[in-house]
Amino acid sequence: MAEVRRTVIELLGQLGSSREARQYLKQFSRIEETRFAVVKVGGAVMQDDLDELAAALAFLHRLGLTPIVLHGAGPQLDEAMQAAGVPVEKRDGLRVTTEEVMAVARPVIYRANMALVDALEARGVRARGILHGVFEASLADRERLGLVGQVERVELEPVRKAIQAGALPVVACLGESPSGQVMNINADIAARELVWSVKPHKVIFLTGTGGLLDGSGRVISAISLTTDYEHLLAQPWVHSGMRLKLEQIHDMLEKLPPDTSVSITSAANLTRELFTHTGAGTLIRRGERIDWFDAIQDSLRAPLQRLLEQSFGRQLKADWLAGRKVLGLFWAESGRAAALMTEGVDGIPYLDKFVVTPEAQGEGLGAALWQALRQRFPRVYWRARAGNPIAGWYFQQAHTTHRHGEWVVYTIGIEDFGLLGSVVEDALGRNSGWVD
Ligand code: ARG
């Protein structure tokens, strides 16, 4: 095992840094075996990306991680119904499941399940298809929906048994009543119920697009619900499908421990998403509060200094804070991000320090901090070295930028030309507080 791990870490190092990879592997391995991750695989991925999917899952398994896989079979079922001449009908987003539909659906779901199990076994991974015995259900609305099941109870025994036997559990979205009536369960609902019952460290949705897309079709890297949810739902480009997805994830996370995260990614990007800080896909977390303090309380001094020194890999002068006219501090609940505001020219705040640990950057904490800052301060200016790794990002946020040798001064909300001049001059003359 140690040998395998070493090779794999080396491999993972090619995606990001091997330090990152090792850190995540350690983090994921610490979790109780059955609680690492629930991976929901959409029917389309099962159909179009089976090989990539099996490869990504096999890779995790080889690392000693056992995700619980749950899959749908929507597109396969649509196809089969069309071939059989059975019309597809949906109500409230649920597939109306007559006896006739069920007769077509069952073999289709079995086949999809088997295809994934086979693909995994072909790669030398023990896998176990679990078609029944997990979702105990009752009929949601026999009249309107037919054999659509409403989940009453989740039985994890078959899943645990599979994992104990060293097999990767592959669960289908079928449920049954205590008397054995088989029912069709909507895959998103099944995923939610399974997740609530397993309480995994990670919830992973594998989709064709590989993440949630913003207004210009780019994958949104991270969403922190505490700070972004309302704002996101108000965006004109959030169409009904995405709204529904966000609401579902919001409700799902509400009932889980605060450090649970959801990743929406593709089969091909799964490894990168899991083992790097920046990931590849959309990471959604409940997120954390960002508080504003008018003064730096004694209890925050040491943590702030530690955060700055560790993140920048430099040392601060002993009296670095003493010389500053502090306006206040934004401080993330977890202590992994902060922004120190000091008094600047003409009552405009100067952003003296902005710090986010690399890990928290992947979670989108930097963006959340920035948003909090912008909400409180319509005008602000700061400086950074031209070679700063986030110079490009600062450039995007700023309204004006002024380059002076190795320094760049950025401003927001300052229009007056004369004022701009004094602000830039002030920024360039400041003492950083770092030991040279
Ligand atoms: N590897 C970490 C995780 O899986 C961070 C992923 C960050 N992903 C992102 N899309 N921002 O939890």
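Counting starts at 1 for both ligands and their atoms, in listed order. Predicted, not measured: the structure shown is a model, and the values here were computed from it.
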Side chain to side chain donor-acceptor pair (under 3.5 Å): which pairs involve residues 385-396, sequence neighbours left out? R385-E406
Taking the six-membered ring for Trp, are F36 and F28 parallel (under 30°), tilted (30 to 60°) or perpendicular (over 60°)? tilted
Which residues satisfy the ring pair (Phe, Tyr, Trp, His ring centres under 6.0 Å) test with W237, sequence neighbours excluded? none
Which pairs of N or O atoms, one from ligand 1 and one from the protein, are separated by less than 3.5 Å, and what is the distance for each pair?
from, atom 1, to, atom 2, distance (Å)
ligand 1, 1 (N), E273, O, 2.8
ligand 1, 1 (N), L274, O, 2.9
ligand 1, 1 (N), T276, O, 2.8
ligand 1, 4 (O), K202, NZ, 2.9
ligand 1, 4 (O), E273, O, 3.3
ligand 1, 8 (N), E273, OE1, 3.1
ligand 1, 8 (N), E273, OE2, 3.1
ligand 1, 10 (N), S221, O, 2.9
ligand 1, 10 (N), E273, OE1, 3.2
ligand 1, 10 (N), G281, O, 2.8
ligand 1, 11 (N), S221, O, 3.2
ligand 1, 11 (N), S221, OG, 3.2
ligand 1, 11 (N), T278, O, 3.3
ligand 1, 11 (N), G362, O, 2.7
ligand 1, 12 (O), K202, NZ, 2.8

Start with the C-alpha distance between R192 and D188, add both sets of side-chain angles, then the distance that settles salt bridge (charged side-chain N to carboxylate O under 4.0 Å, His left out), and finish with yes or no. CA-CA 6 Å; R192 185 186 71 191; D188 285 315; over 6 Å; no
Does anything in residues 357-375 pair up under salt bridge (charged side-chain N to carboxylate O under 4.0 Å, His left out), and if so which pairs, sequence neighbours excluded? R285-E363, R336-E359, R336-E363
Inspect the contact between R22 and E20 and indicate whether a charged nitrogen and a carboxylate oxygen are less than 4.0 angstrom apart. no
